[in-house]
Colleague: 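Before anything else, here's the structure in question.
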Amino acid sequence: MASFKEYWILMGIFIITGYCFWFWKKNKMEKKGGVPKGNLGWPFIGETLDFIACGYSSRPVSFMDKRKSLYGKVFKTHILGTPIIVSTDPDVNKVVLQNHGNPFVPSYPKSITELLGKFSILQMNGNLQKRLHALIGGFLRSPQLKATNTKDIENSVKLSLASWKDMNILYVQEQTKQMTFEVLVKVLMSIGPGEDLNYLKKEFEEFIKGLICLPIKLPGTRLYKSLKAKERLLNMVRKIVEKRKQAMEKSGEKGAVAKDAVDVLLRENDEANEKQSLPLDFISGNIIEMMIPGEETVPMAMTLAVKFLSDSPIALKQLTEENMELKRQKTESCDDYSWTDYVSLPFTQNVINETLRMANIINGVWRKALKDVEIKGHLIPQGWCVLASFISVHMDEENYDDPYQFDPWRWEKMGAAINNNNFTPFGGGQRLCPGLELSRLEISIFLHHLVTTYKWVAENDDIVSFPTVKMKRKLPITVTPIST
């Protein structure tokens with residue numbers, strides 16, 4: 001009985017101490033001049049419950065909109081266990097993303113940092129991050145890879161679409177994940193369809209489930225299972241990297257053109273001095289991390305494009321006509337498709353822009369201030385996180401007329417506005433996604449072959465925005481082949 005009483009006494013002390021600390025920090029922040037207005041909410045949980053609830057609603061940005069109307073475009077809150085400054089101002093976001101003078105470093109929830117580990121490029125900062133970003137970006141933009149990737153993506157998309165005609169109901173979200181993962185693993189490690197690819201996909205799916213979860217590593221918990229999957233992934237990828245390194249040393253092919261991301265990183269190692277060389281565990285871990293777009297961002301953009309087009313017959317008709325014309329030209333000339341053919345279709349690119357704007361698959365980035373930083377009169381205190389919210393900018397009627405309406409034609413009027421601070425689906429600054437051109441190519445190829453092969457009817461489905469963007473029912477559709 002005594003121990004039971006002691007337990008509750010200790011719990012009481014813990015709660016009171018925590019509340020006092022929260023109250024002290026709240027008062028301290030309110031007294032510090034220039035700190036944005038806002039509400040830190042309840043002790044411990046802050047405003048997290050409201051934040052999560054909005055993520056499951058049809059208007060996930062309503063959490064931001066409500067506080068923006070009360071406190072302005074930059075405000076403070078407390079979500080997911082962290083007091084943060086939220087920016088819905090595109091000019092403030094630009095400064096955070098550009099990070100001149102390096103006052104900000106990446107900062108993410110503990111489950112992400114645990115899973116990605118100490119070698120994570122997502123959490124890396126400084127010269128090493130710039131070096132790797134330039135290496136991978138240069139490789140993905142190389143003319144040789146563009147030609148190879150165009151063929152590989154075409155083959156993957158055509159093979160997948162060919163199987164659709166035999167399905168009574170298919171789930172777009174599942175099908176697009178299979179396509180994009182296969183393409184990305186080939187770009188990263190030159191692994192094609194087969195047992196190795198199936199094993200990688202199975203373990204990667206288990207691994208990625210833990211990115212947003214409670215940071216508890218006890219056996220049976222989500223994080224524990226994901227960490228075990230990460231171990232198995234690392235073992236397999238490390239063997240591939242080691243085998244490739246040995247083959248490279250044996251053949252002495254230092255000047256050969258890199259065929260995948262493993263080659264790029266190993267060749268960089270060979271050219272660097274010993275102090276700058278990258279550990280093989282580092283290379284293996286980052287190869288796994290680079291698989292994330294193949295499981296999350298690109299397939300969801302494809303899936304949501306299908307949903308938005310299903311709800312907009314006029315846009316679907318114009319998209320189909322544009323792509324049918326390209327198909328007719330290629331059939332008559334007997335020429336192969338090129339990267340340029342796909343990404344030069346104006347209305348198709350407008351559809352992709354509008355899908356990315358409305359989808360907000362990357363809805364913002366988290367950064368931590370290494371010192372007090374003042375932007376447009378707003379103080380971000382040292383040690384605090386700032387959330388640069390992309391979704392708030394994309395869904396703001398000051399930036400886009402009728403923002404909740406799928407309107408690909410708006411991009412014809414906006415023109416060069418695609419490059420301004422109001423459109424950041426791939427992030428920005430020194431961390432702009434190096435694979436953005438590849439992503440656009442994948443979506444373009446998928447849409448071209450889909451609308452020139454099938455008509456479809458989509459069942460009702462809802463978008464869920466927490467913890468990541470997903471379709472509630474994986475977007476079930478039925479397809480009918482187009483007679484030619």
Colleague: Is it true that Glu437 and Lys146 have a side-chain N and a carboxylate O under 4.0 angstrom from each other?
Modeller: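 So Glu437 pairs with Lys146 through a salt bridge.
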
Colleague: Is it true that Lys259 and Asp263 make a salt bridge, defined as a side-chain N closer than 4.0 Å to a carboxylate O?
Modeller: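 Salt bridge flag = no for Asp263 with Lys259.
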
Colleague: Salt bridge check, Lys73 against Glu398: does any charged N sit closer than 4.0 Å to a carboxylate O?
Modeller: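 A salt bridge links Glu398 with Lys73.
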
Colleague: Are any side-chain N or O atoms of Asn399 and backbone N or O atoms of Val393, one a donor and one an acceptor, separated by less than 3.5 Å?
Modeller: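 Checking the backbone N and O of Val393 against the side chain of Asn399, a donor-acceptor pair under 3.5 Å is found.
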
Colleague: Whether Arg473 and Asp462 form a salt bridge (side-chain N of Lys/Arg under 4.0 Å from carboxylate O of Asp/Glu) is what I want to check.
Modeller: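 Salt bridge absent between Asp462 and Arg473.
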
Colleague: Would Gln329 and Glu325 count as having a side-chain donor-acceptor pair, cut-off 3.5 Å?
Modeller: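 Yes, a side-chain donor-acceptor pair sits under 3.5 Å.
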
Colleague: Less than 4.0 angstrom from a charged side-chain N to a carboxylate O is my criterion; do Asp461 and Lys472 meet it?
Modeller: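 Salt bridge absent between Asp461 and Lys472.
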
Colleague: Within 45 degrees of the axis of the six-membered ring of Phe63 and under 6.0 Å from its centre: does Arg67 put its NZ or CZ there?
Modeller: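 Geometry flag: set, cation within 6.0 Å and 45°.
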
Colleague: Check whether Ser142 reaches the backbone of Phe139 with its side chain - one donor and one acceptor, N or O, closer than 3.5 Å.
Modeller: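 Here the side-chain-to-backbone pair exists.
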
Colleague: Partners of Tyr337 by ring pair (Phe, Tyr, Trp, His ring centres under 6.0 Å), sequence neighbours excluded?
Modeller: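 Ring pair (Phe, Tyr, Trp, His ring centres under 6.0 Å) list for Tyr337, sorted by chain: Tyr342, His448, His449.
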
Colleague: Measure the shortest side-chain to side-chain distance between Leu184 and Met290 over non-hydrogen atoms and say whether it is less than 4.5 angstrom.
Modeller: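 Leu184 does not reach Met290 side chain to side chain.
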
Colleague: Kindly write out the residues that satisfy side chain to side chain donor-acceptor pair (under 3.5 Å) with His133, not counting sequence neighbours, or none if the list is empty.
Modeller: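 Here no residue qualifies.
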
Colleague: Indicate whether any N or O donor in one side chain lies under 3.5 Å from an N or O acceptor in the other, for Gln349 and Ser444.
Modeller: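 Distance-only check passes for Gln349 and Ser444.
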
Colleague: Does Arg357 make a cation-pi contact with Tyr400, if we ask for NZ or CZ under 6.0 Å from the ring centre and within 45° of the axis?
Modeller: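 Positive - Arg357 is close enough to the ring of Tyr400 and near enough to its axis.
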
Colleague: Does a side chain donor of either Thr468 or Lys470 reach within less than 3.5 Å of an acceptor in the other side chain?
Modeller: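 Result is yes, a qualifying pair exists.
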
Colleague: Check Asp336 with Lys151, please: is the shortest side-chain N to carboxylate O separation under 4.0 Å?
Modeller: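 Between Asp336 and Lys151 there is a salt bridge, with a charged N closer than 4.0 Å to a carboxylate O.
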
Colleague: Looking only at side-chain N and O atoms, does Thr303 offer a donor or acceptor that is under 3.5 Å from a partner on Thr176?
Modeller: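 Their side chains do contain a donor-acceptor pair, which is all the 3.5 Å distance test asks for.
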
Colleague: Among Ile153, Val298, Ile443, whose side chain to side chain contact (heavy atoms under 4.5 Å, CB included) with Thr180 holds?
Modeller: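 In the set Ile153, Val298, Ile443, the residue that makes a side chain to side chain contact (heavy atoms under 4.5 Å, CB included) with Thr180 is Val298.
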
Colleague: Is any side-chain N of the basic residue among Asp402 and Arg410 closer than 4.0 Å to the acidic one's carboxylate O?
Modeller: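 No, this pair does not count.
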
Colleague: For the aromatic rings, using the six-membered ring if either is Trp, is the centroid distance between Trp411 and Phe423 under 6.0 Å?
Modeller: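 Yes - the distance between ring centres of Trp411 and Phe423 falls below the 6.0 Å cut-off.
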
Colleague: Should Glu332 and Arg328 count as an ion pair when the cut-off is N to O under 4.0 Å?
Modeller: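 Yes, Glu332 and Arg328 are salt-bridged.
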
Colleague: Got a sec, which residues hit ring pair (Phe, Tyr, Trp, His ring centres under 6.0 Å) with Tyr171, two or more places apart in sequence or on another chain?
Modeller: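 Result, ring pair (Phe, Tyr, Trp, His ring centres under 6.0 Å) vs Tyr171: none returned.
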
Colleague: Using only heavy-atom distances, determine whether the side chains of Arg238 and Asn235 contain a donor-acceptor pair under 3.5 Å.
Modeller: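 Judged by distance alone, the side chains do pair up.
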
Colleague: Determine whether a donor-acceptor pair (N or O, by modelled atom type, separation under 3.5 Å) exists between the side chain of Asn93 and the backbone of Ser389.
Modeller: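 Such a contact is found between Asn93 side chain and Ser389 backbone.
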
Colleague: Using the benzene-type ring in the case of Trp, are the ring centres of Phe181 and Phe204 under 6.0 Å apart?
Modeller: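 For Phe181 and Phe204, the ring centres are under 6.0 Å apart.
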
Colleague: Tell me if a side-chain donor or acceptor on Gln173 pairs with a main-chain N or O of Met471 at a distance below 3.5 Å.
Modeller: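 Yes, Gln173 side chain to Met471 backbone: donor-acceptor pair under 3.5 Å.
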
Colleague: Do NZ/NE/NH1/NH2 and the carboxylate oxygens of Glu249 and Lys245 come within less than 4.0 Å?
Modeller: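 Looking at Glu249 and Lys245, the cut-off is met.
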
Colleague: Do Glu397 and Asp401 come close enough that some side-chain heavy atom pair is under 4.5 Å?
Modeller: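 Answer no - side chains too far apart.
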
Colleague: Would you say Ser284 and Asp281 are linked by a side-chain donor-acceptor pair, where the criterion is simply a distance under 3.5 Å?
Modeller: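 Judged by distance alone, the side chains do not pair up.
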
Colleague: Between Asp260 and Ser190, is there a side-chain donor-acceptor contact under 3.5 Å, judged purely by atom types and distance?
Modeller: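 Yes, Asp260 and Ser190 have a side-chain donor paired with an acceptor closer than 3.5 Å.
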
Colleague: Check this for me: does any side-chain nitrogen of one of Lys209 and Glu206 sit under 4.0 Å from a carboxylate oxygen of the other?
Modeller: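 Counted as a salt bridge, because a side-chain N and a carboxylate O are separated by less than 4.0 Å.
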
Colleague: Using only heavy-atom distances, determine whether the side chains of Thr348 and Asn323 contain a donor-acceptor pair under 3.5 Å.
Modeller: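 Per modelled atom types, Thr348 and Asn323 side chains form a pair under 3.5 Å.
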
Colleague: Before accepting this row, confirm whether a basic side-chain N of the pair Lys317/Glu322 lies closer than 4.0 Å to the acidic partner's carboxylate O.
Modeller: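 Here Lys317 does not pair with Glu322 in a salt bridge, since their nearest N and O are not under 4.0 Å apart.
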
Colleague: Can Ser310 and Trp456 be counted as having a side-chain donor-acceptor contact under 3.5 angstrom?
Modeller: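 A donor-acceptor contact under 3.5 Å links the two side chains.
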
